[in-house]
Amino acid sequence: MNPNEAKPTPSPEGSPDAPMQGHSYDGIQEYDNPMPGWWVWIFWATVLFAPFYILGVHVFGYIDTYQEDLAQSEQELAEMRAAYAEAHPSLQIDEASLQKYVEDPAMAAAGAQLFAANCASCHGAEGQGLIGPNLTDKYWIHGNTNVDLFNVITKGVLEKGMPPWESVFSVEERAQLVAFIRSLEGTNPPDAKEPQGELYE
Amino acid sequence: METKATPSAATRPAPSAVDVFTYDEKIVRMFVLATAIWGFVGMLVGVLIALQLPFWPANLGEYLTFGRLRPLHTNAVIFAFAGNSIFAAIYYSTQRLCKTRMFSDAMSRIHFWGWQAIIVAAAITLPMGFTTSKEYAELEWPVDVAIAVVWVIFAVNFFMTLKQRREKHMYVAIWFYIATIITVAVLHIGNSLAIPVSLFKSYPIYAGVQDAMVQWWYGHNAVAFFLTTPFLGLMYYFLPKAAERPVFSYRLSIVHFWSLVFIYIWAGPHHLNYTALPEWATTLGMTFSVMLWMPSWGGMINGLFTLRGAWHKLRDSVVLKMFVIGITFYGMSTFEGPMLSVKSVNALSHYTDWTIGHVHAGALGWNGFMTFGMIYWLLPRLWRTKLWSQRLATTHFWIGTIGMLLYVMAMYSSGVTQGLMWRAFDEAGRLLYPDFMETVVQIVPMYWVRLIGGTLYLTGVILMGINMYQTIKSAPKELPDPSFAVPKVATA
Ligand code: HEM
Ligand code: HEM
C-alpha cells in the first residue's frame, strides 16, 4: 500500500469508507461503497419489464404486434378517408366526367405542373418516354380510354415500376393528369421512345 | 508527475531480491501520435461529407463522392482514431497495472504497423469503391484477414503480458480490456466469413435476413466492444489517476461489468426494428436494450462519483474537464439508446438523422473527449516535459463542447422533423409530404448547422495537434524507458 494514501479521506456523504485493503493498482485504490439504491431498483425494474413485454406481445397479446399495429393504423386511415370523401363528395369517375376535364385547357395546364414535378423523371419532360412508356403516341399498354388512364395512374403497375398515386393525388388531381396526358397525343416530341402496347386508332 | 515505483531507501530489499524491469513507453507514444493524426484525417473527411449533403457540388469526381467517403469517415474515426486511442490506453495502463513490460516488443510493433497498414488499405480501397456493403465491416476479405491476424497478435501479446504480471489481482480496467479483445475477435471473424470470388470481391456466407441479423449483431457489438468497453477501461485507469481519488465502488464495477458484457450481446436486433427480421427477435433486442440502461449507467456513476471531493480540481484540470463531459455524454447516449430501441420510438427515429445525432453524442462526446483527456494527461508524462499551453487545451475543451452541442442539436432537430414529416397525413388521409424532396429541403438548414459544429470540433482537434507538436518539440532528446524495481515475487 502507498503510505501517502493511508489516511482515509472521508467522503462528503459521511460513509466511513477507507479504500479497500490490498486494492492498489499502480497507485489506484478502490472504495467498496454500496451500489446506489435507485440504480439497483431501476435495473430490476428493467429486468422485470422484459418478461412483461415479451409475454404481452408474443403470448397473451396485451401489447400489439407489428401486424396488429399496422392493421389498426390502416383502418384509422381508411376511416379518415371515408369520412373525408363523405364530407367532400368528389368527382364521379366515368368517361364523360373525365372528358370534361380533358376539354378544359385550365385543367390540362394544372396537370402539366403535376406531371413536370412527379412524372417527367420516368416519362420524359414532354411525355416522350424514358423508363416509362411514351405517352404521346397511339400505343397503350393498359388501354386508352380516359378511365383506363385514370386507373393506371391511381393503382400504378408496381411490378413494372409505375408507382400508384392514389394516396398522393386527389381524384381531381388525377383527372387533371389525365387531361394533360390527353393533350400530349400526337405532339411527336424528339427522341420519342419506341411504341409499346397496342395501337388504338 | 507520476510517483516512481522505486521503493524508498528504508524499505529497499536486498539487491538480490529486487526485480528490475522497464515499461515500453515508445509504443504508447506511437499510438498517441497515430490517434491524433488519424483523428484529424477522419474528422476532416467527416466535415467534407457534412458539406456534401447540403452542397452537392462538393462531391468531386468518382472517388470523392459522399457514398465513397462516408465509409471512409466511419472506418477512419472508429478503427483509426478510436482504435489507436484505445491501444495507447491499453499499452500504457496494462504494463503499469500488471507491473511488467509488454510480453513482446516485436509483437507490439507488428500490432502498431499492421494496424496502420490496414487503415491505409482502407483509405485506398474504400474511395475506389471496394466494399462488402456491410456497415462498419466494409473492408474486403484480404483486409479482413489482415485485421484478424493483427488482432490475434495483439491478443497473444496482451494475454502473455497478463500471464507474466507481478500484481496478483487484475484491476477492473483489465477486465474491460479482456472483454474487448476477446469479443472483437469473435465479432470480426463471425461477421466477415465470406467466400472470395476474386481479390476484391467476396460474398458473405449468410444470406438475406440472416445476413442482416449477423451484421447487426456485429454492428451493435462493435459499438459495445470497440467504442464502449475499452473506453470504460480507459476511464477506470486515467480518471482516478487524474483525479487522484480512489474509485467510488468496487462492488458496482463488478456488477456493471458483468451485466454490461452479458446484456450487450443480445441487443443487436434493435437496429432491425420494422424490417423483415421476425418480430420476436426485435422484441428480444428491445428488451435487452432496455435492460442495458443501468449497466451502462453503472460506468457513468463510478466515473462521476469517483470525483466526489475532487470537483474543485476541475477548475484547473483540462483533463478532468474533458473526462467529465465525456462521461456525461456517455450517460446521455446510453439513456437515449435504450429509448431509441423501444419500437414505438424507433418507428419515429429509424432512418432519420436522430440516429446520426445519437451516434455523434457517443462518438464526439464519449470517445472523442475521453481520448482528448487521456492525450492531455499522457503528453507531459510520455515526453517528460510540460504541456506547451494549458490555455490552448482549455480552448480546445470549449470549442469542442460547443461544436459537439451544435452537431447533436442540429441532428435531433432535423431527425424529429424528418420523422414527423414522413408520417404526416392531411385531413383527407393523404400523405402531407408525398415528395421525399420536400423533407430533404426542410432539413438542409440543419445540415449547415451540423457543418459549423463539426468544423468547430475539428478546429479543436487541430489546436490539440499544435499543442502536441509544441510540447513534443520541448521534450528531452533521449526518452529512455522508465525502469522500476520491486521486491521479487514468485510470478505465475
Ligand atoms: C468533425 C467531426 C465529425 C463530423 C463533421 C462528422 C460527420 C458525419 C457525417 C456527415 C456523417 C454521415 C451522416 C449521414 O449519413 O447522414 C457521419 C456518420 C458517422 N460518423 Fe461522424 N463526424 C464526425 C466525427 C465522428 C467521430 C469522432 C466518430 C466516431 C468516433 C464518428 C462516427 C460516425 C459514425 C459511426 C457514422 C455513421 C452513423 C450511422 O450510420 O448511423 N464521427 N459523420
Ligand atoms: C445502452 C446503450 C445503447 C443502446 C441501447 C443503443 C441503441 C441504439 C439504437 C436503438 C440505435 C438505432 C438503430 C436504428 O434505428 O437504426 C442505435 C444506433 C447507433 N448507436 Fe447506439 N445505443 C447505445 C449506446 C451507444 C453508444 C455509447 C454509442 C457510441 C459510442 C452508440 C453508437 C451507435 C451507432 C454508431 C449507431 C448507428 C448504427 C447505424 O449505422 O445505423 N450507441 N443505438
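Being a predicted model, the structure only gives us computed values, none of them experimental. In what follows, chains carry the letters A, B, and so on, assigned in the order in which the sequence lines appear, proteins first and then strands, with residues in each chain numbered from 1.
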Before you tell me yes or no, could you show the steps for A/Asn33 and B/Arg308 under side chain to side chain contact (heavy atoms under 4.5 Å, CB included), namely the whole-Å CA-CA distance, both residues' side-chain angles and the distance that decides it to 0.1 Å? CA-CA 12 Å; A/Asn33 282 312; B/Arg308 286 185 323 172; 3.2 Å; yes

Can you say whether [X] sits under 4.5 Å from chain A via the side chain, the backbone, both, or neither, judging by heavy atoms?
X: B/Pro295; value: both
X: B/Leu432; value: neither
X: B/Lys168; value: neither
X: B/Trp293; value: side chain

Heavy-atom distance under 4.5 Å between the side chains of [X] and [Y], does that happen here?
X: B/Val172; Y: A/Glu30; value: yes
X: B/Leu252; Y: A/Trp39; value: yes
X: B/Phe425; Y: A/Glu76; value: no
X: B/Met294; Y: A/Met35; value: no

Of the listed B/Met170, B/Glu167, B/Lys343, B/His256, the one with the largest count of heavy-atom pairs under 4.5 Å with chain A is B/Lys343

Chain A: which of B/Thr306, B/Leu431, B/Thr283, B/Asp435 shares the most heavy-atom pairs with it under 4.5 Å?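 Looking at each option in turn, the highest pair count goes to B/Thr283.
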
Counting only heavy atoms not in B/Tyr274, do more than 12 fall under 6.0 Å of its OH?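 Enclosed: over 12 neighbouring heavy atoms sit under 6.0 Å from OH of B/Tyr274.
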
Over 12 non-hydrogen atoms of neighbours within 6.0 angstrom of CD in A/Glu185: yes

So which atom in [X] and which in [Y] form the shortest heavy-atom distance, rounded to 0.1 Å?
X: A/Ile28; Y: B/Lys241; result: CD1-CG, 4.1 Å
X: A/Pro34; Y: B/Phe248; result: O-CZ, 4.1 Å
X: A/Asp32; Y: B/Ser249; result: C-OG, 4.4 Å
X: B/Pro434; Y: A/Val168; result: CB-CG1, 3.5 Å
X: B/Ser259; Y: A/Phe43; result: CB-CZ, 4.0 Å

Spell out, as yes or no, whether a donor-acceptor pair under 3.5 Å connects the side chain of B/Glu279 to the backbone of A/Tyr66.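 Confirmed, B/Glu279 side chain pairs with A/Tyr66 backbone.
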
When the 4.5 angstrom heavy-atom criterion is applied to A/Ser167 and chain B, the contacting part is backbone

Is the closest side-chain donor-acceptor distance between A/Tyr84 and B/Asp426 under 3.5 Å? no

